[in-house]
Asks: 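Submitted below is the structure of interest, expressed as structure tokens.
Every heavy atom of this structure was used, including side-chain atoms; hydrogens, water molecules and symmetry mates were not. Throughout, a chain's letter reflects where its sequence line sits, starting with A, and its residues are numbered from 1.
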Number of protein chains: 2
Amino acid sequence: MNEQIQALCNDHNIKFTTARSLILEVLKAASHPLSYEQIKEKMHASMDKATFYRNIALFEEAGIVHKFESDDRKWYFELTGTTHAHFICEQCRQITCMEVDLGKIEGEVKSIVLKGLCKECHK
Amino acid sequence: MNEQIQALCNDHNIKFTTARSLILEVLKAASHPLSYEQIKEKMHASMDKATFYRNIALFEEAGIVHKFESDDRKWYFELTGTTHAHFICEQCRQITCMEVDLGKIEGEVKSIVLKGLCKECHK
DNA sequence: AAAATTTATGCAACTTAGTCGCAAAGGATC
DNA sequence: GATCCTTTGCGACTAAGTTGCATAAATTTT
């Protein structure tokens, strides 16, 4: 587990530190994008937010992590991987990942965010 | 022009005031979503931001206006109308509207935001 | 392996889009 | 024209995220 994360850092010329390992571990285990608060909760170790955000910025530059804003003025982070869409429910705030076929679009699409009411809340 | 806006307010049980008219005029003339700053610039009349945001909240509740966050920690507003997607270029920050066919999705989709590099910046 | 240099972390102060409380202004109603 | 209700503007506030700076941890040099 840790080896994979260490390898991820090495591959991108990023030094492997405790803080970075903690962040990446949480993101790796997550099934959907998480905010700073959520990541912090899952970390079982304290970390200054400055450290967090600086490392996230580093990951982003390296292309390891992708971030986007939901509709709550917070950033949500996830490991980059398959390009998939996110559905954000305006009512329960749950973020779910989904595959979407867009057909052809000019330019390069890096992320897709759908908003509305999820299956549950729509009833 | 003004009559249409007035009618829009009447139809939704919203009193027609100067401030509201100013906001809606700008939104009506816009071809893509605008932020508070952008709307303010186009208004040719001063308005307190509290007034602006309170009226926007009112429009939202009434279903006249739709808002979403881009990736710059700002809200972008537009009149609701045909459900269409927005493409936000991460480089030039331009927001363009586009039609997208998603196929079938469970729940109710209210907005779609794509991010990436636009046709121009992708070159 | 101690000193020097570089890099990462934590703290505290700061930034800024958006929000809230409150008083004054503007209309409507009697 | 006095009373009531709504809207507006001002200023203080909020909170996610950022930045400067000092300390701590690595890494390199001698």
Side-chain angles (χ1 to χ4, degrees), chain A residues 5-6 8-10 12-27 33-62 64-78 88 90 93 95, chain B residues 5-6 8-10 12-27 33-62 64-78 88 90 93 95:
Chain A
I5 289 169
Q6 192 157 7
L8 193 63
C9 286
N10 289 340
H12 292 85
N13 281 324
I14 290 175
K15 256 190 249 170
F16 184 71
T17 69
T18 317
R20 286 167 197 172
S21 177
L22 282 166
I23 298 171
L24 292 176
E25 260 173 54
V26 174
L27 289 178
L34 299 172
S35 67
Y36 162 62
E37 282 265 307
Q38 294 172 319
I39 294 171
K40 192 180 167 185
E41 260 175 46
K42 295 188 189 236
M43 270 199 328
H44 304 308
S46 70
M47 178 184 308
D48 191 71
K49 59 182 175 170
T51 304
F52 174 84
Y53 285 112
R54 277 192 281 238
N55 281 319
I56 283 282
L58 198 72
F59 296 150
E60 243 203 307
E61 261 176 78
I64 300 178
V65 164
H66 171 249
K67 78 177 179 195
F68 65 93
E69 279 186 308
S70 179
D71 261 352
D72 55 358
R73 297 185 61 64
K74 287 177 193 161
W75 290 106
Y76 284 79
F77 310 97
E78 67 175 349
I88 301 172
E90 293 177 347
R93 298 262 111 218
I95 301 178
Chain B
I5 290 169
Q6 193 157 7
L8 194 62
C9 286
N10 289 341
H12 291 85
N13 283 323
I14 289 174
K15 256 190 249 172
F16 185 70
T17 69
T18 317
R20 286 167 195 171
S21 177
L22 283 165
I23 298 171
L24 291 176
E25 261 173 52
V26 174
L27 288 179
L34 299 172
S35 68
Y36 161 63
E37 281 265 306
Q38 293 172 320
I39 294 171
K40 192 180 167 184
E41 262 175 44
K42 296 189 188 235
M43 270 198 329
H44 305 308
S46 69
M47 177 184 309
D48 191 73
K49 61 182 173 168
T51 304
F52 173 84
Y53 285 112
R54 277 191 282 238
N55 281 319
I56 283 281
L58 198 71
F59 296 150
E60 242 203 307
E61 261 177 77
I64 301 177
V65 163
H66 171 247
K67 78 177 180 198
F68 65 92
E69 279 186 309
S70 178
D71 261 353
D72 54 1
R73 296 185 61 66
K74 285 176 192 160
W75 289 105
Y76 283 80
F77 309 97
E78 69 174 347
I88 302 171
E90 292 178 347
R93 298 263 109 214
I95 300 178

Asks: Is the shortest side-chain N/O distance from A:Thr51 to OP1 or OP2 of C:dG10 below 4.0 Å?
Replies: yes
Asks: In terms of side-chain heavy atoms of A:Asp48, which of D:dT27, D:dT8, C:dC11 is nearest?
Replies: C:dC11
Asks: For DNA chain C, whose closest nucleotide is more 5', that of A:Leu58 or that of A:Ala50?
Replies: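 Final value for this comparison: A:Leu58.
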Asks: Would the base of C:dG18 count as contacting B:Arg54 through its side chain, where contact means a donor and an acceptor less than 3.5 Å apart?
Replies: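 Flag unset: no donor-acceptor pair detected.
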Asks: What is the separation between atom CG on A:Asp72 and atom P on C:dG18, rounded to the nearest whole Å?
Replies: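 Going from A:Asp72 (CG) to C:dG18 (P), I get 13 Å.
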Asks: Please pick, from D:dG11, C:dT9, D:dT8, the nucleotide with the shortest atom-to-atom distance to any side-chain atom of A:Thr17.
Replies: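 Selected nucleotide (nearest to the side chain): C:dT9.
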Asks: Could you say whether A:Lys49 or A:Lys15 is positioned toward the 5' end of DNA chain C, judged by the nucleotide with the nearest heavy atom to each?
Replies: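 Mapping each residue to its closest nucleotide by heavy atoms, the 5'-most match is A:Lys15.
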Asks: What is the distance, rounded to the nearest whole Å, between atom CE of B:Met47 and atom P of D:dT7?
Replies: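 Taking atom P of D:dT7 as the reference, CE of B:Met47 is at 14 Å.
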Asks: For A:Tyr53 and D:dG17, is the shortest distance between a side-chain N/O and OP1 or OP2 below 4.0 Å?
Replies: yes
Asks: Using the ring-ring contact (aromatic ring centres under 6.0 Å, His included) rule, take A:Phe77 and A:Phe52 through it: C-alpha gap first, then chi angles, then the decisive distance, then the call.
Replies: CA-CA 12 Å; A:Phe77 310 97; A:Phe52 174 84; 5.6 Å; yes
Asks: Of the options A:Glu78, A:Lys74, A:Lys40, A:Lys42, which is the one that meets A:Leu34 in a side-chain contact (heavy atoms from CB on, under 4.5 Å)?
Replies: A:Lys42
Asks: Indicate, with a heavy-atom threshold strictly under 4.0 Å, whether B:Ala19 touches base, sugar-phosphate, or nothing.
Replies: sugar-phosphate
Asks: Nearest whole angstrom, please: distance from the P of C:dT15 to the CZ of B:Arg73.
Replies: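 Nearest whole value for this atom pair: 16 Å.
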Asks: Could you tell me which non-hydrogen atom of A:Asp72 sits nearest to which non-hydrogen atom of B:Glu69, and how far apart they are?
Replies: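 Where A:Asp72 meets B:Glu69 most closely, the heavy atoms are N-OE1, 3.4 Å.
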Asks: Please give, in whole Å, the distance from D:dT6 P to B:Asn13 CG?
Replies: 13 Å
Asks: Write down the distance between CG (A:Asp71) and C1' (C:dG18), rounded to a whole number of angstrom.
Replies: 14 Å
